[in-house]
Participant: 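Here you go, one structure.
All values below come from the heavy atoms of this structure, side chains included, with hydrogens, waters and symmetry mates left out.
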Protein chains: 2
Amino acid sequence: MAERVVRIGMLGCGTVGSAVARTLHEHADDIARRAGVRLAIARVAVRDLGRERDVPLARDAFTTDGVAIVDDPEIDVVLELLGGLEPARTLALRALSAGKPVVSGNKELLAHAGGELEDTAHASGVDLAYEAAVAGGIPLIRPLRESLAGDRVTRMLGIVNGTTNYILTQMSEHGWGFDQALAEAQRLGYAEADPSADVEGFDAAAKCAILASIAFDARVTIDDVFREGITGITSADIADAARLGYVMKLLAIAELDDGDVSVRVHPAMVPSAHPLASVRDAYNAVFIEADKAGRLMFYGRGAGGDPTGTSVIGDLIRVGRHLVYGGRMQSGEGGTAERRIRPIAEAHGQYYLNLHVEDRPGVLAEIAEVFGRNGVSIERVWQEGAGEEASLVFITHRANEGGFQATLRELRERSSVRAVVSLLRVEGDE
Amino acid sequence: MAERVVRIGMLGCGTVGSAVARTLHEHADDIARRAGVRLAIARVAVRDLGRERDVPLARDAFTTDGVAIVDDPEIDVVLELLGGLEPARTLALRALSAGKPVVSGNKELLAHAGGELEDTAHASGVDLAYEAAVAGGIPLIRPLRESLAGDRVTRMLGIVNGTTNYILTQMSEHGWGFDQALAEAQRLGYAEADPSADVEGFDAAAKCAILASIAFDARVTIDDVFREGITGITSADIADAARLGYVMKLLAIAELDDGDVSVRVHPAMVPSAHPLASVRDAYNAVFIEADKAGRLMFYGRGAGGDPTGTSVIGDLIRVGRHLVYGGRMQSGEGGTAERRIRPIAEAHGQYYLNLHVEDRPGVLAEIAEVFGRNGVSIERVWQEGAGEEASLVFITHRANEGGFQATLRELRERSSVRAVVSLLRVEGDE
């Protein structure tokens with residue numbers, strides 16, 4: 001078969017877009033040989049035509065008019081790398097409605113409007129691919145959707161934000177506080193000047209929604225995801241965790257619980273022998289439990305132009321091949337499963353609680369009674385310090401979040417409990 | 001589109017085949033909904049018709065005649081799970097030549113005759129899929145071939161044999177000798193009565209050949225792979241490694257070295273902070289270095305009916321979808337790359353060498369001179385013990401294997417070197 005050129009219209013030309021353009025240029029022959037299609041970026045929409053860009057593309061390929069690219073009959077595939085909801089959503093829907101496949105690396109778009117995009121792609125019978133939207137350079141969506149299509153994923157624990165993992169790793173390995181680790185992350189370019197999207201867990205929540213939607217064939221948006229960031233984590237928390245054999249990680253968690261979906265992002269103590277515990281610095285990893293396949297983990301670079309660009313190009317090849325050789329992506333032919341999103345109060349978790357208490361006989365019994373009455377069973381408890389410094393430290397069994405929160409409310413009102421020193425969640429224990 | 005049934009002819013019905021049959025039965029509706037195809041095992045070839053099997057298939061689906069299944073016009077896809085080279089090779093080639101897609105989980109077949117099968121599949125324009133042939137339940141071949149198609153893999157380090165990883169983990173965590181750990185592995189069913197395919201590295205070598213062929217677009221067979229098993233590893237070796245911050249693993253290594261392919265299987269000391277170091281027990285993992293994607297790792301169950309069956313079903317869905325919706329797998333449209341297989345003497349490695357030596361001034365200088373003259377540079381050296389018990393322990397920089405072997409030959413002839421206590425390779429250091 002004669003080699004067929006697939007013409008790409010790229011929306012946005014930032015870090016990832018530039019990396020894609022450079023790699024397609026550099027590896028053009030390799031890709032054509034391996035994939036049987038030649039990928040060419042034909043047009044690029046940018047906001048500022050005047051800006052200098054280090055990309056091997058002709059000046060006249062650039063325009064400020066995204067709609068013109070989407071509508072151009074010469075463009076075979078739209079590559080959306082704008083970030084943010086609009087105009088990405090409008091442009092992607094316009095392309096899909098017109099029967100033009102879309103590759104996107106935009107997590108905000110997919111986490112807010114994934115269902116709408118999937119429906120439109122399905123109705124038009126064209127591909128929508130977004131491997132780059134979650135965990136940058138790690139092949140994750142394709143294995144999850146396709147390799148595991150004959151299995152049932154029951155649980156995912158993901159380190160999907162490199163910035164927070166870098167911060168927590170530094171806190172853990174150097175004993176730094178959060179502010180010092182954040183400053184270092186900002187100095188190295190791992191964190192933005194305004195770090196809230198990362199440290200407050202918004203970025204991880206978007207990825208959690210996308211992963212849960214795929215793993216459970218459900219419609220989950222970022223608004224469904226319970227979210228708690230890492231700004232409250234202290235070096236004392238991390239030291240406590242280490243002493244008990246745990247490492248602190250910001251986890252995106254998606255579980256099936258009696259057929260319902262439970263999705264949440266929060267810091268958690270992970271046992272140090274767990275595969276996720278060894279994921280250091282800005283690396284990402286997603287740990288998956290499935291009925292038949294058992295435990296799987298995918299590890300790699302979660303961000304960066306080149307790694308993320310690799311995922312984009314993998315998708316472009318896939319979509320391009322379908323244009324040339326026929327076929328289409330596996331997604332949603334049979335519709336999604338009807339799944340309820342379980343409110344956080346109905347979720348189940350394991351908890352670490354450090355209470356500053358009165359040091360007198362009977363206090364443990366009094367506190368233990370509160371746990372028991374709220375249905376929270378205690379796995380371990382021990383006293384630390386004495387007198388004015390006395391603490392009781394609890395690790396619970398897996399319990400209902402609502403029951404645990406009720407326990408906590410009651411304990412805060414007891415005079416024997418002077419303060420809640422720290423409350424952490426535990427994930428990944430057997 | 002009306003749901004289309006894809007009729008599978010299965011060759012062999014052992015652990016994996018039975019798991020596939022049970023899962024297809026159990027998850028039939030889920031798979032049909034997600035994948036848009038219904039997979040049905042229509043016929044099964046077995047050696048012994050009389051044997052009782054716990055599979056949800058009608059008695060009259062079974063036959064002893066594999067050729068009849070391959071030739072049956074009602075069969076859409078041939079699933080080859082026979083193991084071994086023949087008759088698997090003849091039957092798979094017959095199916096492919098007749099334009100019938102083949103899914104295989106047979107590593108011996110692919111490691112010996114992968115090129116022949118790929119060529120036949122390509123000539124007939126049909127799919128050949130074998131995700132289950134390497135690292136059982138881990139999606140690996142599909143991400144490697146497709147998600148990374150726009151990148152260049154430069155190196156792979158794989159723990160691809162669960163039996164040896166279980167044995168080495170037990171030796172490391174309990175201080176056991178090889179024999180004791182092997183006996184325990186046999187008792188638990190992780191090792192065969194004749195364990196040589198695992199402990200001598202044949203199984204890992206087959207997988208190494210398959211992975212290298214895919215990662216480097218090359219034709220690598222098991223006979224190209226340098227192989228050294230774990231039977232010579234002592235508890236002292238493992239203790240030495242641990243003391244120096246390393247963990248012992250049997251690695252399958254595939255590298256691009258100046259455009260040549262280097263493939264080898266041998267035990268290696270891996271730094272304990274390396275992601276592969278935390279892969280315990282019978283788990284498998286493959287660590288990949290690529291130009292653009294950087295470092296990736298895929299972790300999971302490398303064997304077992306259900307995990308391996310998941311990979312088989314992922315392939316069946318893929319192949320079935322192509323029959324129903326069009327398209328075909330990405331493999332070899334542009335032919336393979338011309339790559340030389342580099343002999344082991346030309347490979348590069350890092351070495352740990354413990355020499356029992358005469359304890360007198362000048363010995364280190366004498367020995368260091370031999371290293372230097374053979375082009376092997378020393379990273380660290382230290383003395384252990386004294387007098388009759390004196391050892392010199394060396395860790396080299398990355399060096400040419402031929403140069404290192406020449407060093408070793410010379411050292412064995414020196415009167416100052418009483419014995420080579422141990423020689424180990426190091427992999428995964430920065």
Side-chain angles (χ1 to χ4, degrees), chain A residues 1 19 23-24 27 30-36 39 131 137-139 142-143 146-152 217 273 275 277-280 283 285 290-301 304 306-307 309-314 316-318 321-322 325-328 330 333-335 337, chain B residues 1 19 23-24 27 30-36 39 131 137-139 142-143 146-152 217 273 275 277-280 283 285 290-301 304 306-307 309-314 316-318 321-322 325-328 330 333-335 337:
Chain A
M1 183 175 308
T23 302
L24 286 183
H27 291 188
D30 267 9
I31 292 172
R33 184 173 52 74
R34 285 186 195 169
L39 302 176
E131 183 66 78
I138 310 176
R142 193 185 303 224
E146 299 177 14
S147 306
L148 294 175
D151 201 354
R152 281 184 193 135
D217 283 318
S278 61
V279 178
R280 297 172 59 254
Y283 277 92
D291 269 356
K292 305 288 182 184
R295 296 164 159 220
L296 296 165
M297 190 172 84
F298 299 82
Y299 165 99
R301 288 268 171 217
D306 278 338
T310 300
S311 290
V312 168
I313 293 171
L316 289 172
I317 290 173
R318 157 71 68 90
R321 281 182 58 84
H322 287 164
Y325 300 99
R328 66 173 203 251
Q330 173 182 324
E333 276 80 6
Chain B
M1 182 174 307
T23 302
L24 286 184
H27 291 188
D30 267 8
I31 292 172
R33 184 174 51 75
R34 285 187 196 169
L39 302 176
E131 183 67 78
I138 310 176
R142 192 187 305 223
E146 300 177 14
S147 306
L148 295 175
D151 201 354
R152 281 185 194 135
D217 283 318
S278 61
V279 178
R280 297 172 59 253
Y283 277 92
D291 270 356
K292 304 289 183 182
R295 298 165 156 218
L296 295 166
M297 191 173 83
F298 300 82
Y299 165 99
R301 288 266 171 218
D306 278 338
T310 300
S311 289
V312 168
I313 293 170
L316 289 171
I317 289 173
R318 157 70 68 92
R321 281 182 59 84
H322 287 164
Y325 299 98
R328 65 174 203 250
Q330 173 182 325
E333 277 80 4

Participant: Closest heavy-atom contact between B/L148 and A/R34?
Facilitator: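 Shortest heavy-atom contact: O-NH1, 3.7 Å.
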
Participant: Could you tell me which portion of B/I313 (side chain, backbone, both or neither) has an atom closer than 4.5 angstrom to a non-hydrogen atom of chain A?
Facilitator: side chain

Participant: Quick check on the interface: out of B/P143, B/G300, B/S147, who has the most heavy-atom pairs with chain A under 4.5 Å?
Facilitator: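 Looking at each option in turn, the highest pair count goes to B/S147.
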
Participant: Can you tell which part of A/I138 gets under 4.5 Å to a heavy atom of chain B, answering side chain, backbone, both or neither?
Facilitator: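 Answer is both: backbone and side chain atoms of A/I138 are under 4.5 Å from chain B.
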
Participant: Can you tell me how far OG1 of B/T23 sits from CG of A/D291, rounded to the nearest 0.5 angstrom?
Facilitator: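 Spacing of CG (A/D291) from OG1 (B/T23) equals 9.0 Å.
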
Participant: Kindly give the heavy-atom pair with the smallest separation between A/R321 and B/R328, and that separation in Å.
Facilitator: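 Shortest heavy-atom separation between A/R321 and B/R328 comes out as NH2-O, 2.9 Å.
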
Participant: Which one, B/G137, B/G304, B/A149, leads in non-hydrogen pairs under 4.5 Å with chain A?
Facilitator: B/A149

Participant: For B/R152, which atoms come within 4.5 Å of any heavy atom of chain A: side chain, backbone, both, or neither?
Facilitator: both

Participant: Tell me which of these, A/S311, A/G150, A/G314, has more heavy-atom pairs under 4.5 Å with chain B than the rest.
Facilitator: A/G150

Participant: Picking from A/P275, A/A19, A/G294, which has the most non-hydrogen pairs under 4.5 angstrom with chain B?
Facilitator: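 Going by pairs under 4.5 Å, I would pick A/P275.
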
Participant: What part of A/D151 gets closer than 4.5 Å to chain B, counting heavy atoms only: side chain, backbone, both or neither?
Facilitator: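 For A/D151, the contact with chain B is made by backbone and side chain together.
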
Participant: Return the option, out of A/V312, A/L316, A/D30, with the maximum number of heavy-atom pairs under 4.5 Å with chain B.
Facilitator: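 Most heavy-atom pairs within the cutoff with chain B belong to A/D30.
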
Participant: Measuring heavy-atom distances to chain A, does B/R301 have an atom under 4.5 Å in its side chain, in its backbone, in both, or in neither?
Facilitator: both

Participant: Does A/L296 reach the side chain of B/P139, with side-chain heavy atoms less than 4.5 Å apart?
Facilitator: yes

